[in-house]
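Just so it is clear: chains get the letters A, B, ... in the order the sequence lines come, proteins before strands, and each one is counted from 1. Just so it is clear, the values below take in all heavy atoms, side chains as well, and ignore hydrogens, waters and symmetry mates.
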Amino acid sequence: MTKETGLRPENTVSELHRLSLFAIVKLLKKKELTVKELLECYLQRLEEDERQPRESRINAVVYKNKEEALKQAANAPADSLLGGAPIIIKENLHLLGYPVRCASKILSNYKATYSSTAMLRLLKNGASIFATANMDEFAMGSANENSMHGFVCNPLAKDYIPGGSSGGPAAAVAGYFTSASIGSDTGGSIRQPAACCGVIGLKPTYGRVSRYGLVAFASSFDQIGPIARRVEDIALLLEAMAGHDEADSTSAKLPVPSYSKALETPIKNLHIALPKEYLGDTVHPQIRRAFMQAVDFYEKQGAKISEVSLPNTDYALSIYYILSTAEASSNLARFDGIRYGNPSKKAENLSDLFFRSRSEGFGDEVKRRIFTGSYVLSAGYYDDYYMKALKARRVVYDKYMAILKDADLLMMPTLPYRVFKRGKDHEDPTEMYRSDVFNVAANVVGLPSMSLPCAKDSLGLPISFQFMGRPFDEALMLRAAYLYQQEHGLPVFENAK
Amino acid sequence: MTPMTQNTSSKAKTPSLKMMEHLSKLSRIKLSDEEKQSFLSDLKHILVFVEKINEVDTENVQPLYSPVEAFTPTQKDVAVALNEQSMDHSKIAENAPNFQLGYFVVPRVIEE
């Protein structure tokens, strides 16, 4: 394993894929590397993957566009933040001319007619976007098994899940098909796959990154965020995307700090709170042990550690599944096969067209959530479910804010369970829903949250922890994560030959 | 209590097959008889799963619709391009399954 530094590896071409984004930017600026040779390296690796039999094909990427990426890189402004560096985006983000299928049959013919604000900002900051990544259909899932493109394998162990819904973006980074990628997180969809694949993922504060051009799943939960192998890469990408946007009225009118420059600022008097509900019996002993070692690291670095109680942890999951399905049932009403999408060929009249296009186009998990959302919003149930969940959301919100008055960061394992195998048959859909238990609170409350790997379990699979921070203070989380990376080191997973 | 639910001891109402048919119509998603049973069973599981929310005391609590509560900005009722690409109608037409003479074409709406 070559260390991810700014120096071009001795044994050049064969090791290019291991370069971090930060190192790539440096090398591109020094003209010691070209976007073309890097792209060729990634694309060659992707083609190799495509030749693998289905069971061992990672299948992280679903669309490639070398020519467009080269154009974007050529148009990168001089002295841009990213210098032309190639990255991959999730298939639910609009970039003019690229397919935005959301891994759904209903959008199988759809191409972006405009670009999302976050993608335009990435391009203006010198990114080149050379591929789009697989995902769970409409970002609904935790294992990347609900996709019209087929499942994604975990590059660390091919019969294991890569997590979801940003399973493609996380697997692309872990499999060294790119140095970094962009995902979306509605209830853990960046952090959970990052944790499953042993990479880093950050969900910004709700309102930090414009959602304009992200296909809406649950509008009051969705955020776009970066996935990478190094903390400085996460900082670079967040810096490149964040900030107010007129096209998204929920984006915050707040200045964006230079996250990448803030990383080395020493942290004084850091106070980390450990919610005891996140360390209960459901947490696997190996995960608890690794997590406590990470806590010890921060204590040795001078952080004050305190235990707090967040008795509402379990409720966050109920709130999430009531409100996110309600919002999804409304957001997904637009898919009717008329202005875009994949209309049924068999329709006899207009109403029949709606019914047939949606029945044929949506997968089962999407249907399940639309039904649940329609139920909790329908007459007679609205107050008991939807309104009750909105009120409970404020109760949970107040509790988190109260704790963050005193503590700077909350710290907990990203997943209470070990990464599991693909193809589990679920009699009861809530078995999979429970896998988001430690991730959804950040979305319910809108807080920034970041997951990073800290150890390997007995099978060599990743164990990760996550931070939640104060609203719009992604910088502190990044600095704390950077401290861990620099002073402790991140685990190295030998994989993806 | 509505006819679409069955009475149970728990606070959560148990949806009936009739309710599932109603949801299928509301959602504009056609279901076979087998699918109705299967999605109904899933919905029951999900409702039991979220039932825990009743333990939260929400007396005198205002609903929180979004983590950003500031205000609702208003704007003049005129079309504006949100970015340099978003107003290109020809691209929008390219995505339409059936677009003719500037219109989206749909199957017959009014029966003869």
### Distance, nearest 0.5 Å, that separates CD1 of B/Ile53 from OH of A/Tyr315
10.0 Å
### Message
Counting neighbours of NZ on B/Lys36 that are heavy atoms of other residues, nucleotides or ligands and sit closer than 6.0 Å, is the number greater than 12?
### Response
yes
Atom pairs and distances, donor-acceptor, side-chain atoms in residues 362-371 of chain A, under 3.5 Å, two or more places apart:
{"unit_1": "A/Glu365", "atom_1": "OE1", "unit_2": "A/Arg368", "atom_2": "NH1", "d": "2.5"}
{"unit_1": "A/Glu365", "atom_1": "OE2", "unit_2": "A/Arg369", "atom_2": "NE", "d": "2.8"}
{"unit_1": "A/Glu365", "atom_1": "OE2", "unit_2": "A/Arg369", "atom_2": "NH2", "d": "3.4"}
{"unit_1": "A/Glu365", "atom_1": "OE2", "unit_2": "A/Tyr433", "atom_2": "OH", "d": "2.7"}
{"unit_1": "A/Lys367", "atom_1": "NZ", "unit_2": "A/Ser359", "atom_2": "O", "d": "2.8"}
{"unit_1": "A/Arg368", "atom_1": "NE", "unit_2": "B/Asp42", "atom_2": "OD2", "d": "2.7"}
{"unit_1": "A/Arg368", "atom_1": "NH2", "unit_2": "B/Asp42", "atom_2": "OD2", "d": "3.3"}

### Query
Hey, are the side chains of A/Ser220 and B/Tyr65 touching, using non-hydrogen atoms and a 4.5 Å cut-off?
no
### Task
List the steps, then state whether salt bridge (Lys or Arg N to Asp or Glu O under 4.0 Å) holds for A/Asp336 with B/Arg28.
CA-CA 9 Å; A/Asp336 57 11; B/Arg28 300 294 187 273; over 6 Å; no
### Task
Decide yes or no for B/Lys91 and A/Tyr114: does some side-chain heavy atom of the first lie under 4.5 Å from some side-chain heavy atom of the second?
no
### Query
Distance-only, no hydrogens or angles: does the B/Asn95 side chain make a donor-acceptor pair with backbone N or O of A/Lys111 under 3.5 Å?
yes
### Task
Kindly give the heavy-atom pair with the smallest separation between B/Ser27 and A/Ser374, and that separation in Å.
OG-OG, 3.1 Å
### Task
Please flag which part of A/Asp428 lies under 4.5 Å from any non-hydrogen atom of chain B: side chain, backbone, both or neither.
both
### Task
Find the distance between OG (A/Ser357) and NZ (B/Lys30) and round it off to the nearest 0.5 Å.
10.5 Å
### Message
Please identify, among A/Asn342, A/Thr430, A/Thr325, A/Asn443, the residue contributing the most non-hydrogen atom pairs under 4.5 Å to chain B.
### Response
A/Thr430
### Query
Do side-chain atoms of B/Arg108 reach the backbone of A/Asn349 as a donor and acceptor pair under 3.5 angstrom?
no
### Query
If you take all heavy atoms of B/Pro97 and A/Gly341, which pair is closest and at what distance?
CG-O, 3.7 Å
### Task
Sort A/Tyr386 into side chain, backbone, both or neither according to what part of it lies under 4.5 angstrom from a heavy atom of chain B.
side chain
### Task
Using a 4.5 Å cut-off on heavy atoms from C-beta on, say whether the side chain of A/Arg434 contacts that of B/Phe49.
yes
### Summary
When every non-hydrogen atom of B/Leu26 is compared with those of A/Ser378, the smallest separation belongs to CD1-CB, 4.3 Å
### Task
Go through B/Asn98, B/Val109, B/Ile46 and name the one with the most non-hydrogen pairs under 4.5 angstrom from chain A.
B/Ile46
### Query
What distance separates A/Asp384 CG from B/Glu51 CD, expressed to the nearest 0.5 Å?
10.5 Å
### Query
Tell me, do B/Pro107 and A/Glu348 make a side-chain contact under 4.5 Å, heavy atoms counted?
no
### Summary
Output for pair (A/Leu390 CG, B/Ser66 OG), nearest 0.5 Å, gives 10.5 Å
### Task
Measure distances from A/Phe355 to the heavy atoms of chain B and classify the residue's part below 4.5 Å as side chain, backbone, both or neither.
both
### Query
chain B: which of A/Pro429, A/Pro311, A/Gly446 shares the most heavy-atom pairs with it under 4.5 Å?
A/Pro429
### Task
To the nearest 0.5 Å, tell me how far A/Tyr340 OH sits from B/Phe104 CZ.
9.5 Å
## Note on the structure
To the nearest 0.5 Å, atom CG of B/Leu47 lies from atom OH of A/Tyr321 at 14.0 Å
### Message
So which atom in B/Asn54 and which in A/Lys388 form the shortest heavy-atom distance, rounded to 0.1 Å?
### Response
CA-CE, 4.0 Å
## Note on the structure
Of all heavy-atom pairs linking A/Thr250 and B/Val68, the shortest is O-CG2, 3.9 Å
### Query
Taking only residues two or more places apart in sequence, or in another chain, which ones meet B/Glu35 in a salt bridge (charged side-chain N to carboxylate O under 4.0 Å, His left out)?
none
### Query
Heavy-atom count around A/Lys346 NZ within 6.0 Å, excluding the residue itself: above 12?
no
### Top contributor to chain B interface from A/Arg393, A/Glu327, A/Arg358 [non-hydrogen pairs under 4.5 Å]
A/Arg393
### Query
Within a strict 4.5 Å, meaning less than it, do heavy atoms of the A/Arg339 and B/Ile92 side chains meet?
no
### Exercise: identify the closest heavy-atom pair between A/Val395 and B/Asp57
CG2-O, 3.9 Å
### Task
Tell me, for B/Ile29 versus chain A, whether the close heavy atoms (under 4.5 Å) come from the side chain, the backbone, both or neither.
both
### Task
Pick one of side chain, backbone, both or neither for A/Ile319, based on which atoms fall under 4.5 Å of a heavy atom in chain B.
both
### Task
Take B/Gln62 and A/Lys391, measure what side chain to side chain contact (heavy atoms under 4.5 Å, CB included) needs, and give me the verdict at the end.
CA-CA 6 Å; B/Gln62 291 300 308; A/Lys391 289 178 178 175; over 6 Å; no
### Task
Answer whether the closest heavy-atom distance between the side chains of B/Val50 and A/Tyr320 falls below 4.5 Å.
no
